[in-house]
Novice: 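Sharing a structure, written as structure tokens. Questions coming.
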Amino acid sequence: MTNAEIARILREIAFFLEMEEIPFKPRAYEKAAYAIEALDAPLDEIYRRGRIKAVEEVPGVGRSIAEKLVTLIETGKLPYYEGLRLKSPVDIEQLTAIEGLGPKKVKVLYDQLGIRTVDDLERAALEGKIHQLPHFGEKSEQKILKGISFFKKSGSRYPIGVILPVIRDIERLLEKVPGVKRLAVAGSIRRWKETIGDGDLLAVSNDPDRVMDFFISMPEVIYIHAKGPTKSSIKIKSGIDVDLRVVPEESFGAALCYFTGSKAHNIHLRKIAIGKGLKLSEYGVFRGERPIAGRTEEEVYAALGLPFIPPELREETGEIESALAERLPNLIDYDELRGDLQTQTNWTDGAYSIEEMAAEAKRLGREYIAITDHTKSLAMAKGSDEKRLRKQMAAIDELNKKLRGITLLKGAEVNIDKDGRLDIDDETLARLDVVGIAVHSHFGLSREQMTRRVIRAMENPHADILFHPTGRIIQKREPYEIDIDAVIQAARRTGTALEVDAFPDRLDLKDEHIRKAVEAGVKLVIDSDAHHIHHLSYLQFGIATARRGWAKRSDVLNTLPLNAFLASLKDGKERGRKKHFGVMQVRKGR
DNA sequence: GCCGTTTTCGGCCCGACTGTTTTCAGTCG
């Protein structure tokens with residue numbers, strides 16, 4: 001059973017307990033669910049290694065929940081949970097996806113009308129049975145029907161690459177509303193999470209009504225969830241919910257902190273405040289009634305005895321502890337990448353010529369980019385063979401003579417075959433500046449086979465960078481089965497860099513893997529994987545993901561100037577080769 | 001049910017908006 005499945009069960013237990021109005025226990029189960037979701041090892045593995053004691057060491061898991069988890073792991077079932085489900089057999093996941101339905105209302109709907117699913121709910125609403133229930137009325141019934149129609153059309157989360165431009169557009173409109181003094185994007189977008197549930201905007205204005213009126217009457221609004229003087233919430237055509245809060249200027253920092261989240265980070269901050277005899281809310285830090293901080297986030301963190309914590313780290317994965325110990329990493333910044341090492345052109349499946357890609361990259365301020373078209377075994381992308389690759393190298397040499405202000409590197413995205421061999425010969429690879437290697441086929445291998453395959457390819461002395469190491473496409477394709485810890489160890493041993501593919505559908509490596517790689521001292525590169533000139537600006541998503549993975553500038557090779565970059569890339573590989581060679585010698589000597 | 005530079009017992013984050021209420025519960029973030 002996966003951690004996600006276990007977490008889901010704990011959350012459902014919390015919901016059932018909430019239905020029964022049992023105090024405090026629901027929070028405990030939710031907290032445990034959250035903690036288990038955030039683990040980087042499967043819980044059943046933790047249990048196998050350390051028995052129940054290790055399970056109890058998960059924060060938020062005590063004796064009672066640990067026992068239940070053990071039952072769940074050992075038998076795949078949990079009688080306590082089954083019992084709750086039997087008592088109220090409702091489809092929690094479905095029903096709570098309807099805006100405005102929580103535990104209490106779900107209970108009334110089930111107790112009074114026997115509603116278990118969204119289909120049941122829709123039937124009852126259409127038959128006019130719902131508005132007769134206590135605490136429901138005409139409006140609730142209409143709202144439920146509206147919610148069901150949204151439920152049927154939409155997935156609940158969107159890739160950040162889809163949502164960011166939409167929110168930026170709204171931001172630009174709101175900035176122009178008279179009276180708006182400050183405006184900021186908050187929420188999970190500001191934390192650069194890979195998928196986003198809704199958009200959060202924060203404003204300071206001396207005419208709040210005017211901002212709110214403008215906000216709810218924008219042409220793209222299709223539904224107004226709520227409108228008040230400080231908070232409004234809408235749904236826009238693309239199906240995304242957007243919230244706008246208006247706060248006084250002296251509360252802007254506290255509000256920005258609060259609306260940026262994450263929720264778990266906020267709760268931790270509030271507990272620290274309580275510990276100091278203070279109170280933290282979106283309006284500021286208070287001692288009694290008296291505000292002592294709130295205008296800026298820096299001020300708020302300082303009042304709690306903390307340095308500023310970058311939004312990308314606010315996931316309650318140890319950032320507050322690190323901040324307290326003054327051990328926060330100095331994260332790579334958004335303007336620190338000098339090069340881009342994965343771009344495709346119209347030589348294979350890209351849409352633009354090498355010249356056009358170079359011109360756009362130069363315009364964006366890059367100092368160098370590698371042209372890494374596909375290789376021959378990727379037939380569908382017109383992959384190059386050795387001969388064509390050499391022809392392209394010659395073309396790049398010619399272009400470099402003409403180009404000013406940017407250098408093109410000769411590269412390739414070399415295909416890893418099923419057994420871990422590369423599909424371009426070593427002589428040709430040796431002539432390339434940047435050899436990226438990547439898996440594009442046989443995604444269904446076992447974890448052992450896939451891990452062996454990729455590591456074997458990394459052991460090729462010419463392989464510089466492992467491109468998109470897990471092969472996932474967000475919300476479309478799961479990562480292939482691979483032992484990422486073994487890959488990280490292999491990267492370290494062979495001196496191969498791991499890519500953070502910045503293409504917003506990939507973000508691969510993802511944040512938590514980056515954190516492991518950084519801790520292991522493995523070098524990273526951040527690439528756009530551009531197939532179009534517009535994609536070259538995707539690097540920002542990669543930088544954000546690297547920051548979420550606690551990466552510093554020094555962890556990322558393409559923050560270096562060209563010569564230092566190339567030296568570093570090849571040195572790493574050289575050291576890896578010698579180390580490997582050294583091991584072989586020892587073995588022979590035995 | 002969990003947890004402890006305030007605690008092994010007694011707390012558990014805080015506030016806005018809606019709808020159905022006539023003083024507030026439920027939901028959301």
Novice: Please give, in whole Å, the distance from B/dT20 P to A/Ile130 CD1?
Specialist: 12 Å

Novice: What nucleic acid atoms does A/Pro229 come within less than 4.0 Å of, heavy atoms only: base, sugar-phosphate, or nothing?
Specialist: sugar-phosphate

Novice: In whole Å, I'd like the distance from the CG atom of A/Asn266 to the P atom of B/dG15.
Specialist: 13 Å

Novice: What does B/dC14 pair with, Watson-Crick or G-U, if both distances are under 3.5 Å?
Specialist: B/dG29

Novice: Rounded to the Å, how far apart are A/Phe286 CZ and B/dG15 C1'?
Specialist: 11 Å

Novice: I'd like the P distance from B/dC28 over to B/dT23, given in whole Å.
Specialist: 25 Å

Novice: Answer yes when A/Glu319 and A/Arg314 have at least one side-chain N-carboxylate O distance shorter than 4.0 Å, and no when they do not.
Specialist: no

Novice: In whole angstrom, give me the gap between the C1' atoms of B/dT18 and B/dT7.
Specialist: 38 Å

Novice: Are any side-chain N or O atoms of A/Arg116 and backbone N or O atoms of A/Pro89, one a donor and one an acceptor, separated by less than 3.5 Å?
Specialist: yes

Novice: Pick the closest DNA chain B nucleotide for A/Leu278 and for A/Glu138 by heavy atoms, then say which residue is nearer the 5' end.
Specialist: A/Leu278

Novice: Okay, side chain of A/Glu141, backbone of A/Glu138: is any donor-acceptor separation there less than 3.5 Å?
Specialist: no

Novice: Write down the distance between CD1 (A/Ile22) and P (B/dC2), rounded to a whole number of angstrom.
Specialist: 14 Å

Novice: Looking only at the side chain of A/Lys25 (C-beta and beyond, no hydrogens), which of the listed nucleotides B/dG1, B/dC17, B/dA16 gets closest?
Specialist: B/dG1

Novice: Rounded to whole angstrom, note down the P distance from B/dC13 over to B/dT20.
Specialist: 30 Å

Novice: Check whether any side-chain nitrogen or oxygen of A/Lys279 sits under 4.0 Å from OP1 or OP2 of B/dG15, and answer yes or no.
Specialist: yes

Novice: Do A/Ile6 and A/Asp44 have side chains that get closer than 4.5 Å, going by heavy atoms?
Specialist: no

Novice: Using only side-chain N and O atoms of A/Ser140, determine if any of them is under 4.0 Å from OP1 or OP2 of B/dT20.
Specialist: yes

Novice: So does A/Ser281 get a side-chain nitrogen or oxygen closer than 4.0 Å to the phosphate oxygens (OP1/OP2) of B/dC13?
Specialist: no

Novice: Do A/His265 and A/His268 have side chains that get closer than 4.5 Å, going by heavy atoms?
Specialist: no

Novice: Quote, to the nearest angstrom, the C1' distance that separates B/dC17 from B/dC12.
Specialist: 25 Å

Novice: Are A/Asp91 and A/Thr117 close enough that a side-chain donor and a side-chain acceptor fall under 3.5 Å?
Specialist: no

Novice: Return yes if some donor-acceptor pair links the side-chain N/O of A/Ser140 with the main-chain N/O of A/Gly137 below 3.5 Å, else return no.
Specialist: yes

Novice: Say you pick atom P in B/dT8 and the same atom in B/dG4; how far apart are they, in whole Å?
Specialist: 13 Å

Novice: One thing to verify: whether A/Glu18 and A/Arg11 come together as a salt bridge, which I'm taking to mean a side-chain N less than 4.0 angstrom from a carboxylate O.
Specialist: no

Novice: Just to be sure I understand the rule, does A/Lys276 reach a base, reach only the sugar-phosphate, or reach nothing, if contact means heavy atoms closer than 4.0 Å?
Specialist: nothing

Novice: Applying side chain to side chain donor-acceptor pair (under 3.5 Å), can you list everything that pairs with A/Arg123, at least two apart in sequence or on another chain?
Specialist: none

Novice: Mind checking the C1' distance from B/dT22 to B/dG29? Whole angstroms is fine.
Specialist: 28 Å

Novice: Rounded to whole angstrom units, what separation is found between the NZ atom of A/Lys31 and the C1' atom of B/dC12?
Specialist: 9 Å

Novice: Taking only heavy atoms on the protein side, list every residue of residues 308-318 of chain A lying under 4.0 Å from any atom of DNA chain B, sorted numerically.
Specialist: none

Novice: Please measure how far the P atom in B/dG26 lies from the corresponding atom in B/dT21, and state the result in whole Å.
Specialist: 13 Å

Novice: Using atom OH of A/Tyr34 as one end and atom C1' of B/dC13 as the other, report the distance to the nearest whole Å.
Specialist: 15 Å

Novice: Roughly how far apart are A/Phe259 CZ and A/Glu282 CD, rounded to 0.5 Å?
Specialist: 4.5 Å

Novice: Once you round it to whole Å, what is the distance between C1' of B/dC14 and CD1 of A/Ile267?
Specialist: 10 Å

Novice: Stacking check: are the rings of A/Phe24 and B/dC12 less than 5.5 Å apart at their centres and under 30 degrees in tilt?
Specialist: yes

Novice: Would you mind classifying the nucleic acid contact of A/Leu269 as base, sugar-phosphate or nothing, using non-hydrogen atoms under 4.0 angstrom?
Specialist: nothing

Novice: Considering only the P atoms, how many Å lie between B/dT6 and B/dC14, rounded to the nearest integer?
Specialist: 16 Å

Novice: Are any side-chain N or O atoms of A/Asn3 and backbone N or O atoms of A/Ala41, one a donor and one an acceptor, separated by less than 3.5 Å?
Specialist: yes

Novice: Any chance you could list the contact pattern along nucleotides 21-29 of chain B? Use B for base contacts, S for sugar-phosphate-only contacts and - for none, protein heavy atoms under 4.0 Å, 5' to 3'.
Specialist: -----SSSB

Novice: Could you tell me how far apart A/Arg63 (CZ) and B/dC3 (P) are, to the nearest whole angstrom?
Specialist: 12 Å

